[in-house]
Each structure stands twice: as C-alpha cells, then as structure tokens.
Amino acid sequence: MFKIFKTILDHQNSCLIIPHQSPDGDCLGSSFALSHFFDQNKCTNHILMDDTIPTNYLFLEKENMIRSMDVLDNNFMYDYIIILDTSSKDRVGALPEVLTYGKQIIVIDHHKTNAYFGDHNIVDMISSVGEILYNMMIDLNYAFDAEIAIGLYTSIITDTGEFRYSNTTPEAIRAVANLFETGFDFEQVNRNIFSNQPLSKVKLKSEALSNLKLYHNNQVAIMSVTQEMLNRLKCEMFHSDGIVEAGRDIEGVEVSVLLKEMNPGNIKVSLRSKSFVDVSEVSLIFGGGGHVRAAGCTVNDHLNAVEEKIAKLLGERLS
Ligand code: 5GP
Ligand code: MN
C-alpha cells in the first residue's frame, strides 16, 4: 500500500502537499506531519495552503508553506503532488491548474465517497488521514519525533471528535498512545486547538444556537449562519466550525444541519448525525460527499428553500 513512499524516499523526490478547501485539523495536521517527514528524509517539499488557516491551527504553520498558487515556480515540476483528506477533484484546496505542476498525483484519503482521482490512491476508511500516515511511517520503520507526533495527534484527535465518534478504534487509540511516547506537549496542543476561540466566534455560535429550529419530533436541528451575521459580528465563515456539532449534541437530536450562506443563493450545507442516519447519502444527492456521520454539500438556492429541501429528505430517513 505504501510502496510509493519508499520510492519517494529512495529517489529523494520533490513533493507538493495540498490539503482540502476550508482546511480542518485532519488535513492541516497531516500536511504538517508529512512535510516534516519529507524534511527529515531530505525530500524537497512544500505545502500549498491557499486558504485561511483557522487561528486555532496556526501552530501548524511551517516555513515551507506556500500561501498562494501565484508563488509557485512556473519552471518547476514536482515529482509528486500529494492531495490529503480530499475525496474529489473539486475539493482540492487550490485551482485545478495546480495539478499541472506535478508529474504524478497521489491521493491519500479516508472518505468512503472518494473518487480515486489520483495516479496513486491510498484510500483507507480509518479514523483520519493522520492515522493512514502513521501506518505508512510504521511500515517504513520510521522513528517518530515530537514534531511529527504533534501533526498526527492533531489529525486523529480532531477527526475522532476526541475519541467520541464511531471512527474511534483500538488502532487509532494505540497510534496516539505510541505518539505520546515521543513526549510531545499534548496539553499545549489541546489548548491551541480547543481552548483558544476568539470571542466573536463564540458569539456567532451562541446566535446560531439561539435561532435553532427543530423538525420531525425534535430529531432534526437546523441552524444558519448568514452573511449579515458575519458582518455584524465581525466573523469569517470559518468561524462557524463547531456549531453543527453543538446541534447534534442536544438530547434527542439525531441529525444536525448547518446552512452556511456563502452568497445569497449559494448555501454550503454541513450535516452531522448521532447514531443511525447516513448523512453522506443526503449530501451525495446534491453532489457533495463525506462520511456516514459527517458530510457536506453545496446547494444553489435560497436559504429557506434549502432548509425545506434538507428537512424533507431527512424526514424520509427518520420515519
Ligand atoms: P464539513 O461539514 O465539516 O464541511 O464537512 C464534513 C465532511 O463532509 C468532511 O469529511 C468533508 O470532507 C465532507 N464534505 C463537506 N462538504 C463537501 C462537499 O461539498 N463535497 C464533498 N465531496 N465532501 C464534502
Ligand atoms: Mn479527515
């Protein structure tokens, strides 16, 4: 499964690492860890991060991070472009032209909706891309250091919802236990990720929650974040992370939905379920994707119309 990595290390190939749009803990943590891994094995590498990094993940910034595609050298072809945590081409965190900067594409992902769009596809439906990279490094007999542990721990701990979700396995917990052996400061990492929220973000969450609507015997919770709310509370859309999970965590709620108004008539939908609804089925209807308990899609319609459509589709899955 990881033969391609042996080839990269043997030839000291050059790699461009690309996370997905609206980056989260898994794609940022795994980009950081993979980049360190290449540094230590003397492989030229860059991370292309053409999007805002949420402030709680800024500790994962690296010197070799390229913050815009414009900075890429037109005369340089990477041996490999490595796309992390991304199930389809349209979710890559850069314009499609970026793919012309590499000779071959490697996709490393754990979404069951993955479209296998790379020349090499390492797709394993485990907790996180961080856990896939952990397995790769074990396979290559790599001795973990604290820096890599910080990246892989961030991936696994965020994508498993701190070991609360169904993707938490003995293997994922064992991986984290082994990473702890490096002695990295996990308390500091947890403070960075979980106890470092801007006040404006907390106010946005509080307003979204106070306008929450319940459907189908209170089993579906739907909330919205509009452009008007963002302007008034001086927030960016990435500050809406964590809101949809708060809806799911209400007693009796099976599915929580967050409607993010990117533009009027362009709504990004985040879906979370608690125990039995497969929300990836609903997101696939609109051309999106994701996991059984966490999925998303974009719908081009007005907020109220999207709310109605999603509520109806979920109702059919609950009855
Ligand atoms: P979130 O709600 O946090 O944006 O995304 C939840 C999950 O659904 C993530 O695993 C993400 O990759 C996936 N997802 C969200 N939006 C989309 C989308 O528009 N297309 C696809 N294919 N997957 C999505
Ligand atoms: Mn992930």
Side-chain angles (χ1 to χ4, degrees), residues 18-34 51-52 54 56-57 60 83-93 107-117 122-134 151-162 165-169 172 175 193 205 208 221-225 236-248 255-262 266-273 277-300 306 310:
I18 313 183
H20 58 71
Q21 300 163 2
S22 309
D24 62 3
D26 187 20
C27 73
L28 288 168
S30 50
S31 299
F32 180 86
L34 186 57
D51 207 337
T52 313
N56 58 326
Y57 293 119
L60 295 172
I83 298 173
L84 298 179
D85 201 26
T86 307
S87 55
S88 53
K89 249 186 195 172
D90 59 311
R91 297 265 302 154
V92 176
V107 172
I108 308 179
D109 189 32
H110 68 132
H111 292 88
K112 70 167 187 162
T113 54
N114 188 281
Y116 290 76
F117 60 99
I122 301 176
V123 180
D124 195 358
M125 263 62 91
I126 57 177
S127 72
S128 54
V129 170
E131 190 185 347
I132 299 178
L133 294 182
Y134 172 88
L152 298 181
Y153 171 75
T154 300
S155 288
I156 299 171
I157 208 69
T158 55
D159 257 26
T160 58
E162 301 113 76
Y165 301 159
S166 57
N167 59 353
T168 305
T169 57
I193 306 176
K205 185 177 190 174
I222 304 191
M223 289 174 282
S224 310
V225 170
E236 303 279 343
M237 196 51 96
F238 68 83
H239 287 126
S240 64
D241 82 51
I243 295 178
V244 69
E245 289 81 5
R248 178 207 54 206
V255 182
S256 171
V257 182
L258 180 65
L259 306 174
K260 296 183 260 188
E261 184 190 46
M262 309 310 283
N266 178 254
I267 312 298
K268 175 100 191 45
V269 183
S270 283
L271 297 144
R272 300 289 184 273
S273 65
V277 172
D278 181 349
V279 284
S280 72
E281 271 181 18
V282 176
S283 69
L284 275 173
I285 295 172
F286 297 102
H291 308 281
V292 178
R293 302 269 169 270
C297 56
T298 297
V299 187
N300 289 318
V306 180
I310 299 275

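Order of listing sets the numbers, starting from 1, for every ligand and every atom in it.
Under the ring pair (Phe, Tyr, Trp, His ring centres under 6.0 Å) criterion, Tyr153 pairs with Phe180, Phe184, not counting sequence neighbours. Considering only residues two or more places apart in sequence or on other chains, Glu236 meets the salt bridge (charged side-chain N to carboxylate O under 4.0 Å, His left out) condition with none of them. In this structure, the ring pair (Phe, Tyr, Trp, His ring centres under 6.0 Å) partners of His110, at least two apart in sequence or on a different chain, are His291.
Inclusion of Asp24 in the first shell of the Mn ion (ligand 2) is not supported: no N, O or S atom falls under 2.8 Å. Among the atoms of His110, an N, O or S atom is found under 2.8 Å from the Mn ion (ligand 2). Residue side and main chain included, Asp26 places an N/O/S atom under 2.8 Å of the Mn ion (ligand 2).
Side-chain N or O atoms of Arg293 include none that pairs as donor or acceptor with a backbone N or O of Leu271 at under 3.5 Å. Formation of a donor-acceptor pair under 3.5 Å by the Asn167 side chain with backbone atoms of Asp159 is found in this model. Panel note: side chain Ser283, backbone Gly289; a donor-acceptor pair is recorded below 3.5 Å.
Taking the Mn ion (ligand 2) as reference, the nearest N/O/S atom within Asp85 carries the name OD1. Within Asp159, the N/O/S atom positioned nearest the Mn ion (ligand 2) carries the name OD2.
Protein residues with a heavy atom closer than 4.0 Å to ligand 1 are Ser87, Ser88, Arg91, His111, Lys268, Ser270, Arg272, Gly288, Gly289, Gly290, His291, Ala294, Ala295, Gly296, Cys297, listed by chain and number.
One side chain, Ser155 or Asp26, offers a donor N or O that lies under 3.5 Å from an acceptor on the other.
With respect to the salt-bridge test (charged N to carboxylate O, under 4.0 angstrom), the residues Arg91 and Asp109 do not qualify.
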